[in-house]
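The structure appears right after this line, and notes come after that.
Note on naming: letters A, B, ... go to the chains in the order of the sequence lines (proteins, then strands), and numbering restarts at 1 for each one.
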There are 2 protein chains.
Amino acid sequence: MSAISHSEENYLKAIFHLGGEGKQSVATNAIARSIKTKPSSVTDMMKRLAEKDLVNYRKYKGVSLTEEGKKAALSIIRKHRLWEVFLVEKLNFSWDEVHEVAEQLEHIQSEKLVDLLDEHLGFPQYDPHGDPIPGKDGNYPSREKQLLSQFPEDSRGICIGVKDSSASFLKYLDRNKISLGDTIHVLEREDFDNSLLVNIGNRKMQISHQIAANLYLKML
Amino acid sequence: MSAISHSEENYLKAIFHLGGEGKQSVATNAIARSIKTKPSSVTDMMKRLAEKDLVNYRKYKGVSLTEEGKKAALSIIRKHRLWEVFLVEKLNFSWDEVHEVAEQLEHIQSEKLVDLLDEHLGFPQYDPHGDPIPGKDGNYPSREKQLLSQFPEDSRGICIGVKDSSASFLKYLDRNKISLGDTIHVLEREDFDNSLLVNIGNRKMQISHQIAANLYLKML
DNA sequence: AAATAAAATTAGACAAATCTAAAAATATGT
DNA sequence: ACATATTTTTAGATTTGTCTAATTTTATTT
(Lines give C-alpha, C1' and ligand atoms only; values in the text may rest on other atoms or scores of the structure.)
Protein backbone atom coordinates (compact mmCIF):
# COMPACT_ATOMS: atom_id res chain seq x y z
CA MET A 1 0.00 0.00 0.00
CA SER A 2 2.69 2.46 0.99
CA ALA A 3 4.43 4.27 -1.83
CA ILE A 4 7.42 2.80 -3.64
CA SER A 5 10.61 4.54 -2.61
CA HIS A 6 13.26 5.95 -4.87
CA SER A 7 15.56 3.13 -4.01
CA GLU A 8 12.95 0.42 -4.40
CA GLU A 9 12.21 1.75 -7.87
CA ASN A 10 15.84 1.32 -8.83
CA TYR A 11 15.83 -2.28 -7.73
CA LEU A 12 12.63 -3.05 -9.63
CA LYS A 13 14.05 -1.52 -12.76
CA ALA A 14 17.27 -3.50 -12.40
CA ILE A 15 15.38 -6.76 -11.96
CA PHE A 16 13.33 -6.03 -15.05
CA HIS A 17 16.37 -5.24 -17.15
CA LEU A 18 18.16 -8.36 -15.98
CA GLY A 19 15.54 -10.38 -17.70
CA GLY A 20 12.88 -10.67 -15.06
CA GLU A 21 10.17 -9.69 -17.50
CA GLY A 22 9.07 -13.27 -17.58
CA LYS A 23 9.44 -15.67 -14.74
CA GLN A 24 13.19 -16.35 -14.82
CA SER A 25 14.63 -15.65 -11.45
CA VAL A 26 17.36 -13.07 -11.17
CA ALA A 27 20.45 -13.64 -9.02
CA THR A 28 21.26 -11.53 -6.00
CA ASN A 29 24.80 -10.92 -7.22
CA ALA A 30 23.61 -9.83 -10.63
CA ILE A 31 21.39 -7.19 -9.07
CA ALA A 32 24.19 -6.04 -6.79
CA ARG A 33 26.53 -5.64 -9.73
CA SER A 34 23.90 -3.86 -11.78
CA ILE A 35 23.14 -1.18 -9.23
CA LYS A 36 26.60 -1.05 -7.73
CA THR A 37 25.70 -2.15 -4.25
CA LYS A 38 26.59 -5.13 -2.06
CA PRO A 39 24.81 -8.48 -2.18
CA SER A 40 23.78 -8.14 1.44
CA SER A 41 22.00 -4.90 0.65
CA VAL A 42 20.18 -6.65 -2.15
CA THR A 43 18.99 -9.40 0.15
CA ASP A 44 17.66 -6.83 2.61
CA MET A 45 15.82 -5.03 -0.14
CA MET A 46 14.41 -8.22 -1.64
CA LYS A 47 12.79 -9.00 1.69
CA ARG A 48 11.21 -5.59 1.77
CA LEU A 49 10.00 -5.84 -1.82
CA ALA A 50 8.61 -9.32 -1.17
CA GLU A 51 6.79 -7.93 1.85
CA LYS A 52 5.17 -5.42 -0.48
CA ASP A 53 4.33 -8.11 -3.03
CA LEU A 54 6.45 -6.54 -5.71
CA VAL A 55 8.74 -9.54 -6.14
CA ASN A 56 8.62 -13.30 -5.61
CA TYR A 57 11.54 -14.12 -3.40
CA ARG A 58 12.75 -17.46 -2.08
CA LYS A 59 15.96 -17.59 -0.09
CA TYR A 60 18.94 -18.64 -2.18
CA LYS A 61 16.69 -18.98 -5.21
CA GLY A 62 16.69 -15.50 -6.65
CA VAL A 63 13.78 -13.19 -7.39
CA SER A 64 11.31 -12.42 -10.12
CA LEU A 65 8.84 -9.59 -10.47
CA THR A 66 5.21 -10.05 -9.55
CA GLU A 67 2.60 -8.59 -11.86
CA GLU A 68 2.48 -5.54 -9.65
CA GLY A 69 6.26 -5.27 -9.59
CA LYS A 70 6.41 -5.52 -13.37
CA LYS A 71 3.82 -2.80 -13.68
CA ALA A 72 5.86 -0.54 -11.43
CA ALA A 73 9.07 -1.30 -13.34
CA LEU A 74 7.42 -0.52 -16.67
CA SER A 75 6.11 2.74 -15.32
CA ILE A 76 9.61 3.82 -14.33
CA ILE A 77 11.08 2.74 -17.66
CA ARG A 78 8.32 4.63 -19.44
CA LYS A 79 9.21 7.77 -17.56
CA HIS A 80 12.93 7.28 -18.12
CA ARG A 81 12.53 6.94 -21.86
CA LEU A 82 10.05 9.76 -22.25
CA TRP A 83 12.45 12.08 -20.44
CA GLU A 84 15.27 10.92 -22.70
CA VAL A 85 13.21 11.88 -25.73
CA PHE A 86 12.51 15.24 -24.15
CA LEU A 87 16.16 15.91 -23.39
CA VAL A 88 17.28 15.06 -26.92
CA GLU A 89 14.39 16.44 -28.96
CA LYS A 90 13.54 19.56 -27.00
CA LEU A 91 16.71 20.52 -25.18
CA ASN A 92 19.24 19.31 -27.75
CA PHE A 93 21.16 17.04 -25.44
CA SER A 94 23.28 14.61 -27.37
CA TRP A 95 22.08 11.04 -27.05
CA ASP A 96 25.07 9.86 -25.05
CA GLU A 97 24.53 12.45 -22.29
CA VAL A 98 20.94 11.83 -21.37
CA HIS A 99 21.13 8.68 -19.34
CA GLU A 100 22.22 9.97 -15.96
CA VAL A 101 19.82 12.91 -16.04
CA ALA A 102 16.91 10.66 -17.03
CA GLU A 103 17.97 8.41 -14.19
CA GLN A 104 16.97 11.22 -11.85
CA LEU A 105 13.92 12.45 -13.73
CA GLU A 106 12.37 8.99 -13.85
CA HIS A 107 11.59 9.22 -10.15
CA ILE A 108 9.42 12.32 -10.34
CA GLN A 109 5.95 11.40 -9.20
CA SER A 110 3.07 12.94 -11.07
CA GLU A 111 0.86 11.01 -13.40
CA LYS A 112 -0.33 14.22 -14.95
CA LEU A 113 3.24 15.25 -15.68
CA VAL A 114 3.97 12.02 -17.51
CA ASP A 115 0.79 12.18 -19.54
CA LEU A 116 1.32 15.78 -20.58
CA LEU A 117 4.97 15.14 -21.36
CA ASP A 118 3.99 12.20 -23.54
CA GLU A 119 1.51 14.40 -25.39
CA HIS A 120 4.01 17.27 -25.69
CA LEU A 121 6.46 14.91 -27.34
CA GLY A 122 3.84 13.57 -29.74
CA PHE A 123 3.45 10.14 -28.13
CA PRO A 124 6.83 8.80 -29.19
CA GLN A 125 7.23 5.05 -29.58
CA TYR A 126 10.99 4.82 -29.14
CA ASP A 127 13.61 6.60 -27.07
CA PRO A 128 16.77 8.12 -28.59
CA HIS A 129 18.59 4.80 -28.24
CA GLY A 130 15.87 3.02 -30.15
CA ASP A 131 14.38 1.28 -27.13
CA PRO A 132 10.59 1.06 -27.09
CA ILE A 133 8.62 3.21 -24.64
CA PRO A 134 6.14 1.23 -22.55
CA GLY A 135 2.55 2.44 -22.85
CA LYS A 136 0.52 4.17 -20.19
CA ASP A 137 -1.41 0.95 -19.73
CA GLY A 138 1.77 -1.01 -19.17
CA ASN A 139 2.03 -2.77 -22.50
CA TYR A 140 5.55 -3.33 -23.70
CA PRO A 141 6.18 -3.65 -27.41
CA SER A 142 8.57 -6.48 -28.01
CA ARG A 143 10.07 -6.28 -31.46
CA GLU A 144 11.95 -8.76 -33.49
CA LYS A 145 15.24 -7.12 -32.82
CA GLN A 146 18.48 -8.98 -33.22
CA LEU A 147 22.09 -8.24 -32.54
CA LEU A 148 24.17 -7.43 -35.61
CA SER A 149 26.61 -10.09 -34.48
CA GLN A 150 23.95 -12.70 -35.18
CA PHE A 151 23.38 -11.69 -38.77
CA PRO A 152 24.51 -14.12 -41.48
CA GLU A 153 26.51 -13.05 -44.54
CA ASP A 154 24.65 -11.13 -47.16
CA SER A 155 21.75 -10.15 -44.90
CA ARG A 156 20.38 -6.71 -44.24
CA GLY A 157 18.82 -4.90 -41.31
CA ILE A 158 17.84 -1.50 -40.03
CA CYS A 159 19.64 -0.17 -37.02
CA ILE A 160 17.08 0.23 -34.24
CA GLY A 161 18.94 0.30 -30.97
CA VAL A 162 21.94 -0.44 -28.80
CA LYS A 163 22.50 -3.00 -26.08
CA ASP A 164 25.37 -1.24 -24.35
CA SER A 165 24.38 2.41 -23.97
CA SER A 166 27.62 3.59 -22.39
CA ALA A 167 28.90 6.98 -23.47
CA SER A 168 32.00 5.45 -25.02
CA PHE A 169 29.99 3.16 -27.26
CA LEU A 170 27.60 5.89 -28.29
CA LYS A 171 30.52 8.13 -29.13
CA TYR A 172 31.99 5.40 -31.27
CA LEU A 173 28.76 5.24 -33.25
CA ASP A 174 28.67 8.99 -33.64
CA ARG A 175 32.25 9.13 -34.83
CA ASN A 176 31.58 6.43 -37.37
CA LYS A 177 28.33 7.93 -38.54
CA ILE A 178 26.19 5.00 -37.59
CA SER A 179 22.71 6.21 -36.67
CA LEU A 180 19.35 4.71 -35.88
CA GLY A 181 17.48 4.04 -39.08
CA ASP A 182 20.58 3.26 -41.13
CA THR A 183 20.42 0.16 -43.25
CA ILE A 184 23.34 -2.17 -42.71
CA HIS A 185 24.30 -4.86 -45.21
CA VAL A 186 26.54 -7.64 -43.95
CA LEU A 187 29.01 -8.48 -46.73
CA GLU A 188 31.50 -10.86 -45.09
CA ARG A 189 32.15 -12.51 -41.78
CA GLU A 190 35.74 -13.00 -40.68
CA ASP A 191 35.84 -16.32 -38.86
CA PHE A 192 39.06 -15.59 -37.04
CA ASP A 193 37.85 -12.69 -34.86
CA ASN A 194 34.16 -12.68 -35.72
CA SER A 195 34.45 -9.22 -37.20
CA LEU A 196 32.18 -8.17 -40.03
CA LEU A 197 32.63 -6.30 -43.26
CA VAL A 198 29.49 -4.28 -43.78
CA ASN A 199 28.01 -1.66 -46.00
CA ILE A 200 26.44 1.34 -44.31
CA GLY A 201 25.01 4.05 -46.51
CA ASN A 202 27.57 3.91 -49.28
CA ARG A 203 30.58 3.16 -47.12
CA LYS A 204 32.21 -0.20 -46.58
CA MET A 205 33.53 -0.70 -43.09
CA GLN A 206 34.98 -3.28 -40.77
CA ILE A 207 33.06 -3.85 -37.55
CA SER A 208 34.52 -5.74 -34.60
CA HIS A 209 32.53 -8.41 -32.82
CA GLN A 210 32.54 -6.23 -29.72
CA ILE A 211 30.63 -3.58 -31.63
CA ALA A 212 28.37 -5.96 -33.51
CA ALA A 213 27.32 -7.63 -30.29
CA ASN A 214 25.92 -4.37 -29.02
CA LEU A 215 23.96 -3.14 -31.97
CA TYR A 216 20.35 -4.18 -32.46
CA LEU A 217 18.94 -4.38 -35.99
CA LYS A 218 15.55 -5.19 -37.30
CA MET A 219 16.05 -7.86 -39.88
CA LEU A 220 14.87 -7.19 -43.38
CA MET B 1 32.64 19.73 0.40
CA SER B 2 30.14 16.91 0.22
CA ALA B 3 27.04 17.44 -1.88
CA ILE B 4 23.95 19.11 -0.50
CA SER B 5 21.19 16.58 0.13
CA HIS B 6 17.62 16.76 -0.97
CA SER B 7 16.52 17.55 2.53
CA GLU B 8 19.21 20.11 3.17
CA GLU B 9 18.14 21.92 0.02
CA ASN B 10 14.61 22.17 1.36
CA TYR B 11 15.81 23.76 4.56
CA LEU B 12 18.00 26.27 2.75
CA LYS B 13 15.11 27.26 0.54
CA ALA B 14 12.81 27.66 3.53
CA ILE B 15 15.32 29.86 5.34
CA PHE B 16 15.69 32.02 2.28
CA HIS B 17 11.95 32.43 1.87
CA LEU B 18 11.49 33.27 5.50
CA GLY B 19 13.50 36.40 4.96
CA GLY B 20 17.01 35.18 5.50
CA GLU B 21 18.22 36.85 2.33
CA GLY B 22 19.90 39.50 4.39
CA LYS B 23 21.24 38.96 7.84
CA GLN B 24 18.01 38.73 9.84
CA SER B 25 18.00 35.52 11.73
CA VAL B 26 15.18 33.07 11.16
CA ALA B 27 13.46 31.29 14.04
CA THR B 28 13.57 27.53 14.50
CA ASN B 29 9.82 27.34 14.90
CA ALA B 30 9.22 29.33 11.74
CA ILE B 31 11.31 26.87 9.74
CA ALA B 32 9.56 23.92 11.33
CA ARG B 33 6.16 25.33 10.42
CA SER B 34 7.30 26.14 6.91
CA ILE B 35 8.53 22.68 6.03
CA LYS B 36 6.06 20.81 8.21
CA THR B 37 8.53 19.20 10.51
CA LYS B 38 9.26 19.40 14.24
CA PRO B 39 11.44 22.06 15.86
CA SER B 40 13.80 19.40 17.15
CA SER B 41 14.41 18.18 13.62
CA VAL B 42 15.18 21.74 12.60
CA THR B 43 17.74 22.10 15.35
CA ASP B 44 19.44 18.91 14.24
CA MET B 45 19.56 20.06 10.66
CA MET B 46 20.82 23.52 11.57
CA LYS B 47 23.82 21.96 13.26
CA ARG B 48 24.56 19.95 10.14
CA LEU B 49 24.18 22.97 7.87
CA ALA B 50 26.36 25.07 10.16
CA GLU B 51 28.99 22.34 10.01
CA LYS B 52 28.93 22.69 6.23
CA ASP B 53 29.14 26.49 6.45
CA LEU B 54 25.80 26.95 4.76
CA VAL B 55 24.21 28.80 7.68
CA ASN B 56 25.28 30.92 10.62
CA TYR B 57 23.79 29.28 13.67
CA ARG B 58 23.94 30.32 17.31
CA LYS B 59 21.96 28.31 19.85
CA TYR B 60 18.67 29.92 20.75
CA LYS B 61 19.46 32.81 18.39
CA GLY B 62 18.14 31.55 15.09
CA VAL B 63 19.95 31.10 11.79
CA SER B 64 20.83 33.08 8.70
CA LEU B 65 22.30 31.94 5.42
CA THR B 66 25.99 32.31 4.70
CA GLU B 67 27.02 33.54 1.28
CA GLU B 68 27.44 29.95 0.20
CA GLY B 69 24.07 28.98 1.65
CA LYS B 70 22.40 31.86 -0.13
CA LYS B 71 24.00 30.81 -3.38
CA ALA B 72 22.68 27.29 -2.94
CA ALA B 73 19.20 28.53 -2.04
CA LEU B 74 19.07 30.76 -5.10
CA SER B 75 20.14 27.92 -7.32
CA ILE B 76 17.26 25.78 -6.06
CA ILE B 77 14.76 28.62 -6.42
CA ARG B 78 16.03 29.24 -9.93
CA LYS B 79 15.42 25.63 -10.83
CA HIS B 80 12.01 25.59 -9.17
CA ARG B 81 10.80 28.62 -11.07
CA LEU B 82 12.23 27.58 -14.41
CA TRP B 83 10.43 24.25 -14.09
CA GLU B 84 7.22 26.07 -13.23
CA VAL B 85 7.53 28.08 -16.41
CA PHE B 86 8.12 24.88 -18.33
CA LEU B 87 5.11 23.15 -16.83
CA VAL B 88 2.78 26.04 -17.59
CA GLU B 89 4.14 27.20 -20.94
CA LYS B 90 5.09 23.92 -22.53
CA LEU B 91 2.89 21.33 -20.89
CA ASN B 92 -0.18 23.46 -20.25
CA PHE B 93 -0.38 22.88 -16.54
CA SER B 94 -2.53 25.44 -14.83
CA TRP B 95 -0.61 27.80 -12.57
CA ASP B 96 -2.05 26.43 -9.36
CA GLU B 97 -0.99 22.86 -10.09
CA VAL B 98 2.68 23.34 -10.72
CA HIS B 99 4.05 23.87 -7.26
CA GLU B 100 4.26 20.34 -5.96
CA VAL B 101 5.71 18.98 -9.17
CA ALA B 102 8.29 21.77 -9.32
CA GLU B 103 9.06 20.95 -5.71
CA GLN B 104 10.35 17.61 -6.95
CA LEU B 105 11.97 18.81 -10.17
CA GLU B 106 14.00 21.48 -8.40
CA HIS B 107 16.23 18.80 -6.91
CA ILE B 108 17.41 17.34 -10.19
CA GLN B 109 21.13 17.83 -10.42
CA SER B 110 22.54 18.78 -13.79
CA GLU B 111 23.86 22.19 -14.57
CA LYS B 112 23.58 21.50 -18.26
CA LEU B 113 19.92 20.61 -17.86
CA VAL B 114 19.14 23.91 -16.16
CA ASP B 115 21.04 25.94 -18.74
CA LEU B 116 19.38 24.23 -21.68
CA LEU B 117 15.96 24.47 -20.05
CA ASP B 118 16.49 28.19 -19.49
CA GLU B 119 17.40 28.60 -23.15
CA HIS B 120 14.50 26.44 -24.30
CA LEU B 121 12.12 28.68 -22.40
CA GLY B 122 13.64 31.85 -23.85
CA PHE B 123 15.38 32.99 -20.66
CA PRO B 124 12.23 33.96 -18.77
CA GLN B 125 12.49 36.63 -16.07
CA TYR B 126 9.46 35.63 -14.02
CA ASP B 127 7.70 32.43 -13.11
CA PRO B 128 3.96 31.93 -13.69
CA HIS B 129 3.19 33.50 -10.31
CA GLY B 130 5.16 36.63 -11.16
CA ASP B 131 8.09 35.80 -8.93
CA PRO B 132 11.49 36.68 -10.36
CA ILE B 133 13.82 33.92 -11.52
CA PRO B 134 17.32 34.19 -10.06
CA GLY B 135 20.09 34.35 -12.64
CA LYS B 136 22.65 31.68 -13.40
CA ASP B 137 25.24 33.82 -11.67
CA GLY B 138 23.12 34.04 -8.55
CA ASN B 139 21.89 37.59 -8.92
CA TYR B 140 18.46 38.21 -7.52
CA PRO B 141 16.36 41.27 -8.40
CA SER B 142 16.95 44.00 -5.87
CA ARG B 143 15.30 44.02 -2.53
CA GLU B 144 14.40 47.66 -3.12
CA LYS B 145 11.50 46.77 -5.30
CA GLN B 146 9.80 43.48 -4.56
CA LEU B 147 6.47 41.95 -5.25
CA LEU B 148 4.10 41.89 -2.29
CA SER B 149 3.79 38.16 -2.91
CA GLN B 150 7.41 37.72 -1.88
CA PHE B 151 7.11 39.41 1.47
CA PRO B 152 7.52 37.14 4.48
CA GLU B 153 5.13 37.24 7.41
CA ASP B 154 5.35 40.28 9.63
CA SER B 155 7.23 42.42 7.15
CA ARG B 156 6.33 45.90 5.92
CA GLY B 157 6.73 47.82 2.71
CA ILE B 158 5.65 50.92 0.87
CA CYS B 159 3.63 50.51 -2.26
CA ILE B 160 5.70 51.84 -5.16
CA GLY B 161 4.32 50.33 -8.35
CA VAL B 162 2.42 47.66 -10.22
CA LYS B 163 3.60 44.88 -12.46
CA ASP B 164 0.32 44.38 -14.27
CA SER B 165 -0.94 47.78 -15.29
CA SER B 166 -4.17 46.64 -16.89
CA ALA B 167 -7.27 48.68 -16.32
CA SER B 168 -8.96 45.93 -14.40
CA PHE B 169 -6.12 45.63 -11.95
CA LEU B 170 -5.87 49.37 -11.42
CA LYS B 171 -9.59 49.56 -10.85
CA TYR B 172 -9.30 46.88 -8.21
CA LEU B 173 -6.70 48.97 -6.42
CA ASP B 174 -8.91 52.04 -6.59
CA ARG B 175 -11.93 50.24 -5.29
CA ASN B 176 -9.92 48.90 -2.38
CA LYS B 177 -8.23 52.18 -1.63
CA ILE B 178 -4.73 50.96 -2.21
CA SER B 179 -2.54 53.79 -3.46
CA LEU B 180 1.12 54.39 -4.16
CA GLY B 181 2.81 55.46 -0.97
CA ASP B 182 0.63 53.35 1.31
CA THR B 183 2.39 51.26 3.91
CA ILE B 184 1.40 47.61 3.86
CA HIS B 185 2.05 45.29 6.75
CA VAL B 186 1.92 41.55 6.01
CA LEU B 187 0.29 39.82 8.96
CA GLU B 188 -0.20 36.25 7.78
CA ARG B 189 0.42 34.08 4.77
CA GLU B 190 -2.08 31.41 3.91
CA ASP B 191 -0.16 28.41 2.63
CA PHE B 192 -3.13 26.93 0.89
CA ASP B 193 -3.74 29.59 -1.72
CA ASN B 194 -0.82 31.91 -1.06
CA SER B 195 -3.16 34.70 -0.08
CA LEU B 196 -2.08 37.28 2.47
CA LEU B 197 -3.73 38.96 5.42
CA VAL B 198 -2.41 42.51 5.46
CA ASN B 199 -2.86 45.79 7.22
CA ILE B 200 -3.23 48.86 4.99
CA GLY B 201 -3.80 52.22 6.61
CA ASN B 202 -5.93 51.08 9.50
CA ARG B 203 -7.78 48.35 7.68
CA LYS B 204 -7.09 44.62 7.75
CA MET B 205 -7.72 42.93 4.45
CA GLN B 206 -7.26 39.66 2.63
CA ILE B 207 -5.26 39.91 -0.57
CA SER B 208 -5.16 37.10 -3.10
CA HIS B 209 -1.90 35.88 -4.52
CA GLN B 210 -2.98 37.11 -7.91
CA ILE B 211 -3.11 40.63 -6.58
CA ALA B 212 0.00 40.34 -4.42
CA ALA B 213 2.04 39.10 -7.35
CA ASN B 214 1.36 42.32 -9.21
CA LEU B 215 2.09 44.93 -6.59
CA TYR B 216 5.60 46.21 -6.08
CA LEU B 217 6.62 47.39 -2.64
CA LYS B 218 9.80 48.84 -1.25
CA MET B 219 10.72 46.74 1.73
CA LEU B 220 11.10 48.47 5.07
C1' DA C 1 11.79 40.71 39.69
C1' DA C 2 9.48 36.46 40.30
C1' DA C 3 6.20 33.50 37.95
C1' DT C 4 4.60 31.79 33.87
C1' DA C 5 4.54 30.95 28.99
C1' DA C 6 6.80 30.13 24.74
C1' DA C 7 10.66 28.71 22.02
C1' DA C 8 14.64 25.97 21.40
C1' DT C 9 17.59 22.24 22.55
C1' DT C 10 19.01 17.67 24.19
C1' DA C 11 18.60 12.79 24.86
C1' DG C 12 17.09 8.72 23.23
C1' DA C 13 14.43 6.01 19.84
C1' DC C 14 13.22 4.66 15.18
C1' DA C 15 13.02 3.56 10.05
C1' DA C 16 15.37 3.37 5.60
C1' DA C 17 19.21 2.06 3.23
C1' DT C 18 23.55 0.90 3.30
C1' DC C 19 28.01 -1.51 4.78
C1' DT C 20 31.54 -5.30 6.77
C1' DA C 21 32.50 -9.67 8.52
C1' DA C 22 30.99 -14.17 9.59
C1' DA C 23 28.02 -18.13 8.72
C1' DA C 24 25.07 -20.99 5.89
C1' DA C 25 23.51 -22.83 1.51
C1' DT C 26 24.41 -24.07 -3.07
C1' DA C 27 27.40 -25.17 -6.96
C1' DT C 28 31.60 -27.10 -8.99
C1' DG C 29 35.68 -30.00 -9.92
C1' DT C 30 38.10 -33.96 -9.82
C1' DA D 1 30.79 -37.98 -3.48
C1' DC D 2 33.79 -35.20 -1.08
C1' DA D 3 36.38 -31.01 -0.78
C1' DT D 4 36.57 -26.49 -2.34
C1' DA D 5 34.78 -22.36 -4.25
C1' DT D 6 31.04 -19.34 -4.98
C1' DT D 7 26.82 -17.31 -3.81
C1' DT D 8 23.65 -15.82 -0.55
C1' DT D 9 22.14 -14.73 3.88
C1' DT D 10 22.56 -13.16 8.69
C1' DA D 11 24.13 -10.31 12.42
C1' DG D 12 25.50 -6.13 13.86
C1' DA D 13 27.10 -1.31 12.90
C1' DT D 14 26.51 3.26 10.49
C1' DT D 15 24.38 7.38 8.34
C1' DT D 16 20.54 10.40 7.38
C1' DG D 17 16.54 12.29 8.74
C1' DT D 18 12.95 12.14 11.55
C1' DC D 19 10.18 11.75 15.97
C1' DT D 20 8.62 12.21 21.28
C1' DA D 21 9.40 13.58 25.80
C1' DA D 22 12.05 16.02 28.95
C1' DT D 23 14.91 19.98 29.86
C1' DT D 24 16.93 24.45 29.27
C1' DT D 25 16.88 29.09 27.64
C1' DT D 26 14.56 33.19 26.41
C1' DA D 27 10.38 36.10 26.47
C1' DT D 28 6.27 37.90 28.68
C1' DT D 29 3.24 39.17 32.33
C1' DT D 30 1.80 40.82 36.47
Side-chain angles (χ1 to χ4, degrees), chain A residues 1-15 18-20 24-64 69 72 76 103-104 106-107 109, chain B residues 1-15 18-20 24-65 69 72-73 76 103-104 106-107 109 152-154 188:
Chain A
M1 297 305 145
S2 70
I4 300 174
S5 79
H6 212 254
S7 197
E8 287 168 342
E9 289 190 340
N10 286 332
Y11 279 94
L12 292 175
K13 198 177 49 149
I15 296 168
L18 287 165
Q24 321 98 322
S25 78
V26 176
T28 301
N29 267 358
I31 298 170
R33 216 174 307 123
S34 154
I35 53 182
K36 292 173 178 50
T37 184
K38 301 295 174 201
S40 58
S41 306
V42 176
T43 301
D44 287 350
M45 183 57 92
M46 289 314 105
K47 287 181 188 165
R48 248 173 289 154
L49 291 177
E51 193 64 35
K52 290 188 173 187
D53 273 321
L54 293 166
V55 299
N56 305 115
Y57 172 60
R58 278 170 31 248
K59 275 189 193 178
Y60 297 102
K61 300 296 182 187
V63 285
S64 61
I76 301 154
E103 202 81 349
Q104 296 179 63
E106 73 191 4
H107 299 293
Q109 284 174 333
Chain B
M1 297 302 151
S2 72
I4 298 175
S5 80
H6 212 256
S7 198
E8 287 168 342
E9 288 189 341
N10 285 333
Y11 279 93
L12 292 175
K13 197 177 51 148
I15 296 168
L18 287 165
Q24 320 100 321
S25 77
V26 175
T28 301
N29 269 355
I31 298 171
R33 214 175 311 123
S34 155
I35 54 184
K36 292 174 176 49
T37 184
K38 301 295 173 202
S40 58
S41 307
V42 176
T43 301
D44 286 352
M45 184 56 93
M46 290 313 106
K47 286 180 189 168
R48 248 174 287 155
L49 292 177
E51 193 64 36
K52 289 189 174 187
D53 274 321
L54 293 165
V55 300
N56 303 116
Y57 172 59
R58 278 168 30 245
K59 275 190 192 176
Y60 296 102
K61 300 297 182 185
V63 286
S64 61
L65 296 173
I76 301 154
E103 203 80 350
Q104 296 180 63
E106 73 191 4
H107 298 292
Q109 285 173 333
E153 280 190 0
D154 201 34
E188 283 172 30

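- Contact annotation: B/S5 side-chain N/O to D/dT16 OP1/OP2 distance is not under 4.0 Å.
- Close to D/dT18, at under 4.0 Å from its OP1 or OP2, lies a side-chain N or O of B/S7.
- How far OG of B/S5 is from OH of B/Y11: 9.5 Å, rounded to the nearest 0.5 Å.
- Between the side chain of A/S40 and the base of C/dT20, at least one donor-acceptor pair of N or O atoms lies under 3.5 Å.
- Distance, B/E51 CD to D/dT15 P: 14 Å, rounded to whole Å.
- OP1 or OP2 of C/dT9 lies within a sub-4.0 Å distance of a side-chain N or O belonging to B/T43.
- Following rounding to the nearest Å, A/K38 (NZ) and C/dA22 (P) show an atom-to-atom distance of 16 Å.
- Two residues, B/R33 and B/S41, neighbour DNA chain C, and the one matched to the more 5' nucleotide by heavy-atom proximity is B/R33.
- Rounded to an integer number of Å, the gap from CZ of B/R48 to C1' of D/dT18 is 9 Å.
- A/K47 has no side-chain polar atom (N or O) that falls below the 4.0 Å cut-off from OP1 or OP2 of D/dT9.
- Atom pair B/E8:CD and D/dT18:C1' shows a separation of 14 Å (rounding to whole Å applied).
- A side-chain donor-acceptor contact under 3.5 Å links A/K52 to the backbone of A/A3.
- Rounded to whole angstrom, the span from the NE2 atom of A/H6 across to the P atom of C/dT18 amounts to 11 Å.
- Atom CG of A/L54 sits about 10.5 Å away from atom CE of A/M45, to the nearest 0.5 Å.
- Residue A/V63 forms a side-chain contact (heavy atoms from CB on, under 4.5 Å) with just one option from A/I31, A/V42, A/T28, and that option is A/I31.
- One finds no side-chain N or O of A/Y11 lying less than 4.0 angstrom from the OP1 or OP2 phosphate oxygen of C/dA16.
- Atom NZ of B/K59 and atom P of C/dA11 are 8 Å apart (whole Å).
- For A/Y60, no side-chain nitrogen or oxygen approaches OP1 or OP2 of D/dT6 to under 4.0 Å.
- Between the C1' atom of C/dA8 and the CE atom of B/M45 lies a distance of 17 Å, rounded to the nearest Å.
- Regarding B/N29, its CG atom lies at a distance of 5 Å from the C1' atom of C/dA7, rounded to whole Å.
- Using a 4.0 Å cut-off between charged nitrogen and carboxylate oxygen, A/E8 and A/K13 do not count as a salt-bridge pair.
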